[in-house]
Chemist: 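Would you mind keeping the following structure in view while I ask a few things?
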Amino acid sequence: MSLLSVRGLRKSYGALKVTDDLDLEVAEGELHAIIGPNGAGKSTLIAQLSGQARSDGGSVRFAGAEMMGKPMPARVRAGMSRSFQITSILPAFTVLDNVAVAVQARDGSSFRFLRSVAREARLNEQAMQALAQVGLQDRADLRAGSLSHGEKRALELAIALATRPRLLLLDEPLAGTSGAEAERLVEVMAALKGRVTLVLIEHDMDAVFALADRISVLVYGRIVATGTPDQVRADPKVRAAYLGDG
Amino acid sequence: MTSLFLLQLLNGVQLGILLFLIAAGLTLVFGIMDFVNLAHGVIYMVGAYLVVSLSAWTGSYGWGLLLVLPATLLIGLLAEALIFRRLYDRPHLDQVLATFGLVMIVTELVEIIWGTSPLLVTAPDALSGSIPLMGPLRYPVFRLVVIGAGLLTAVGLWLVITRTRIGMRLRAGASNRAMVAALGVDIGRLFTVIFAFGAMLAGFAGALVAPILSVDPGMGESVLILAFVVIVIGGIGSVKGAFAGALLVGLVDTLGRSFGPIVLRSVMEPSAAAQTGRVLAPMLVYLLMAAILAARPQGLFGARP
Amino acid sequence: MIRALRQRRVAATLLFLAFALLPIIAAAAGDPYLVIVATRILAFAIAALALDLILGYGGMVSFGHAAYLGIGAYSVAILSGAGVTDLGAHLAAAVVAGALFALLTGAISLRTRGIYFIMITLAFAQMAYFFFVSLSAYGGDDGVTLAARSTVLGRDWLRDDRVLYYTALALLVGLYLLCVAITGSRFGRVLTGTRENPVRMEAVGFTPFRYQLTAFVISGAMTAVAGVMLANQASYVSPAFMNWHRSGELVVMVVLGGIGNLLGAIAGATLALLLEEWLAVLTDHWPLIFGTLLILVVMFSRDGLTGLFRGRRG
Amino acid sequence: MTLTRTTFAVLASATCLAGPAAAQDDDKLTIGVLLTLSGPGAALGEMARNGFQLAAEEIGDFGGIPTEIIVVDDEQKPDVAANKARELVERDGADIVVGPIFSNIAGAIVQPVTEGDAILISPNAGPSNLAGTDCNKAFFATSYQNDQMHEVMGAHAQAQGFQNVFLLAPNYQAGQDSLAGFKNSYEGGVAGEIFTQLGQLDYSAELAQIAAMQPDAVFAFMPGGMGVNLVRQYRQAGLEGIPFLSAFTVDESTLPAQADAALGFFGGSNWAPDLDTPENAAFVQAYEAAYDQVPAVYAMQAYDAAHLIDGAVKQAGGTDRDALIAALEDAPFTSVRGDFSFGPNHFPIQDFYLTKVVQREDGKFATSIVEKIFEDYQDTYAADCQMN
């Protein structure tokens, strides 16, 4: 039984079809990577799946429920979280508060006006756990804006984890990171495997082929191949898309 | 009744064109530069005051009007270099405040230079009369001049924007500032030009209406907010939108004022209708704006954010 | 962080203590008029506080907050005219009316962003302004002179300028503490987060609109409270209370004190009004100086006048 | 006499050091002048200030007592005015406050001034409530009750036998009062009645209706810039064949901007620059020499206010409030208007005229008296006044 089931998803900007009748199945618990050449529509796909961008048509079923037409916050509350390709954090907040606000989002109502949120130990404890998962626990009290780029990428991941997703959509989590930073993040993702279902978009092919259970190849808004890393590596259609031969 | 309706329609169009003249410069600055300029109204006022002084100096309204153009262009360049240039990258709040400060300064300067009493400039005799329309109805010649000038401005702007290189850059700048910069266009220069041009349009509008309207220190304020309504309705940054918005506001205001009470009287008793009409009439354009924004937050011709 | 909190507490205590001692100083100096000016300052401080809540913490630049001053003031005038003179009733009516107007206009305004938001809040305030101008039952443009100030428990205690002053001060302190609590609460964190990065907040599951609208409504209701105090201070109510210049002045106050700084809003209101009063005495052409000052503050200081001084020192 | 502007800094330090400054001692007279000196209505306020200043220079020490005059600007904001009024009375110890120009300001300052034990003398504003039910023994007007100017025009329209008059006023309280005032003394038919938006720029919609209806006459109340717009557009629309009756719409404050567009337009007034009294001739000549403009009623009424105060202080022999009020009631001065006395509500009983805009020989525009409409006329609200 698929956790995420996408049928006939479409989106176009004017005459340009960015997502063209796309089908995708993501099984519960797997790490499903989506690769494809530049301009294949990977980030648009994540935006559509997460509800940030409106789709022209098709169906997105998550855990058996139709998500089409629901805005991003509703999908997050249903258990679909995402990270952003371009780092999106709250720079003026502390690292801890960046994560704690995500914990807060699923922990009861936020229409509480009088009690000091800084004293809510439960929120902070869970936030610390998420930070520990990405190795940022020592940075908790710093301003998020003052972190290094790699640390910001890790924070981005911690925020997404703190929403306790069943499905995590990761949009190039390694973008712009140095070798050491990337290694750390790959370790984090490896540790997540099996506990959270992951959809990963990534340009770093070493990372993708090391991590993924299955890989889908996206070309011009369509999935042209899906399979295990070995199957995809051998697929002539993939070679054609990437290398231009065949 | 029908001829009166047609005349009121013409009046509505005329008011709309008047508003368009003021709003056109504003929408360029607001839209393309993403800059809140509360000082647009005072530049319009300065245009009117200048035409009074320059007409007296040259002895002719025509020359005065012509001289206002370079004068306000210069004022625009000066203000841009001294103040506005430093505020482009600032939040809207800073822009609101700085231009609010400028409104205070310019209004006070105008009062010091020209005094607080309303001033006068007269159009040439050939343009000050009226021509017969239908029956007893007549139409002032100068109004026709205003309509003509407004339409010419609209067409001129349209040509500049669609047919020239700078217009192409303007359009590109409105949709994507980073892209224009990447293409090697000097954004700073482009903004200077837009701003000065916007100031000139405002000054021209002020000079053009000076023979019909009272030239006094409050004149900029009364049109500024109406101009805001116009460009918000039309979609910020769109000249086409400013034109449509201006006509819409002009028509709704004029027709609402003249025929609203009649409509109200048909559904309620006269005294209640009079009272309701009195309360509703000044709110009409704002209600129109609220209705349009509720349906289309980006205005009629605005780009979806 | 902790130190900053403690500093703020000390500063707040000192500021309110100074306000509390003012009538005594005024009496000693034989200048009871100071109390009258200060009451006006307190009323505007409440309004600036309310505006800072959405402007500083919520990132919503409302350019029409004078409308709520007017709504609060007219709550006093209309209820007094109907024979209800109790301050509690006036405050309650003002809060309800202010909240309702904020709910209706906010629901439309918050669909827009940036310049649109500034303009549409301005336009709604103009709408309210024209409504009261043409409302002849309450004097229209001429406004209404209040027969007497609001009563408390049926007594006319507020007739005494000092009692009115301390009532306004109590309200200000109470609302300040409320704002401190709100900004430090769960709700406040969502609000500030939305100002910082709305997409991020959506991506963790919040719908920013609801929180922004709630903050807008709270702010509107609070500003209406300021209007009640202003009406009592002037014993007079007119549509001029909601002129768009007033809205601009409120924004100026918040910015002078440094946005997103609740004490700063109070200090900004004090500073702006004293400056206006002082400059007006200095020269007929005070707007010239005030305007220049405003431009300088905007161009050279991020944190208002307080920041200007801090910046100088290093 | 010293003419000063309050200095906040000086006052603040003075009050801190010297203690109570608000002592009302009998050997000094303090007059606060509270007028609109900035904003759209400033032109009227400046005229009144000039008029008062002119008189003050002629008088020197009012009633022979050292006099301090403090001029402040109400910014045309009622709440600002209320504060400035309290400041004048409670801090500066003003015995008399002269002001304001606008009726909505009058409502805001009458309490602070009169309850602060000073006397308020209005050089222009004369709202109906202060003439009637809310009349106040410490309030005087040297001007008129607002309705009277409109009643003059109503009576004129009636006398002319007009059957069909079109009425036009801005949509605010004074506008509604004005049309009511006109209809008090006009019994003919009303062709149409329009309330325009406050501060409206363009009157073409209204003018089109007037052109379509071809009424016997138009009556308009359009003060300030609105009047300038209306009058010019009226002329440009070719409607000058229809008599234009008005109040506060064509006077010397707006005529420089209306110029020949207003020629031949009628107004109702209690005075015009060419009113034939020796005092008036002297006043107009001195005013024009000093300020290079033709005075309007606002200047004249403020000028009269100063002379009224001078006379009253002389008669009262000091600044005792009750004695001053009693003296003021006698109006012990010679008005430039000639006959002048106060009614029981402290509003003037005076003559009213029909005026018409003319171009004088020196090229300047002014109103000119056509005929006397009312003699020794008292406002209709005086009956409602129960002064205690």
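The structure displayed is predicted, hence computed values, not measured ones. Below, chain A is the first sequence line, B the second, and so on; all start at residue 1.
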Chemist: Checking C/Arg113 side chain against B/Pro297 main chain: does a donor-acceptor pair fall under 3.5 Å?
Modeler: no
Chemist: At a heavy-atom separation under 4.5 Å, does C/Phe63 approach chain B through its side chain, its backbone, both, or neither?
Modeler: side chain
Chemist: Can you say whether C/Ile118 sits under 4.5 Å from chain B via the side chain, the backbone, both, or neither, judging by heavy atoms?
Modeler: side chain
Chemist: Where does C/Ile108 contact chain B at under 4.5 Å (heavy atoms): side chain, backbone, both or neither?
Modeler: side chain
Chemist: Would you give the length of the straight line joining atom CG of C/Leu122 to atom CG of B/Leu38, rounded to the nearest 0.5 angstrom?
Modeler: 8.0 Å
Chemist: Tell me, for C/Ile289 versus chain B, whether the close heavy atoms (under 4.5 Å) come from the side chain, the backbone, both or neither.
Modeler: neither
Chemist: What part of B/Leu102 lies closer than 4.5 angstrom to a heavy atom of chain C: side chain, backbone, both or neither?
Modeler: both
Chemist: Checking heavy atoms, do the side chain of B/Ala291, its backbone, both or neither come under 4.5 Å from chain C?
Modeler: neither
Chemist: Could you pull out the closest heavy-atom pair between C/Met299 and B/Ile83, with the gap in Å?
Modeler: SD-O, 4.1 Å
Chemist: B/Leu284 versus chain C, heavy atoms under 4.5 Å apart: side chain, backbone, both or neither?
Modeler: neither
Chemist: Give, for atom NE2 of C/His285 and atom CE of B/Met104, the distance between the pair rounded to the nearest 0.5 Å.
Modeler: 14.0 Å
Chemist: Quick one: what part of C/Ile115 sits under 4.5 Å from any heavy atom of chain B, side chain, backbone, both or neither?
Modeler: both
Chemist: At a heavy-atom separation under 4.5 Å, does C/Val61 approach chain B through its side chain, its backbone, both, or neither?
Modeler: side chain
Chemist: Hey, could you give me the CZ/CE distance between C/Phe124 and B/Met283, rounded to the nearest 0.5 Å?
Modeler: 10.0 Å
Chemist: So among B/Leu226, B/Val229, B/Ile225, which one has a side chain to side chain contact (heavy atoms under 4.5 Å, CB included) with C/Gln126?
Modeler: B/Ile225
Chemist: Please work out whether the ring planes of B/Tyr286 and C/Phe130 are parallel, tilted or perpendicular, with thresholds of 30° and 60°.
Modeler: parallel
Chemist: Heavy-atom pairs under 4.5 Å with chain B - which of C/Trp286, C/Phe132, C/Trp244 has more of them than the others?
Modeler: C/Trp244
Chemist: Sort out for me which of B/Leu87, B/Val96, B/Ile112 touches chain C most, counting heavy-atom pairs under 4.5 Å.
Modeler: B/Ile112
Chemist: Look at the side chain of C/Tyr116 and the backbone N and O of B/Val232, then say whether any donor-acceptor pair between them is shorter than 3.5 Å.
Modeler: no
Chemist: Please name the residue in the list C/Val255, C/Ile295, C/Val297 that meets the side chain to side chain contact (heavy atoms under 4.5 Å, CB included) test with B/Leu97.
Modeler: C/Val255
Chemist: Apply side-chain contact (heavy atoms from CB on, under 4.5 Å) to B/Met289 and C/Met119, showing your working.
Modeler: CA-CA 11 Å; B/Met289 181 192 71; C/Met119 292 302 126; over 6 Å; no
Chemist: Begin with the C-alpha distance, continue with both residues' side-chain angles, and end with the deciding distance and a verdict on side-chain contact (heavy atoms from CB on, under 4.5 Å) for B/Arg86 and C/Phe300.
Modeler: CA-CA 10 Å; B/Arg86 291 155 221 269; C/Phe300 298 111; 5.7 Å; no
Chemist: Please lay out, stage by stage, how C/Val251 and B/Phe100 fare under the test side-chain contact (heavy atoms from CB on, under 4.5 Å).
Modeler: CA-CA 10 Å; C/Val251 178; B/Phe100 188 68; over 6 Å; no
Chemist: Side chain, backbone, both or neither: which part of B/Leu280 has a heavy atom under 4.5 Å from chain C?
Modeler: neither
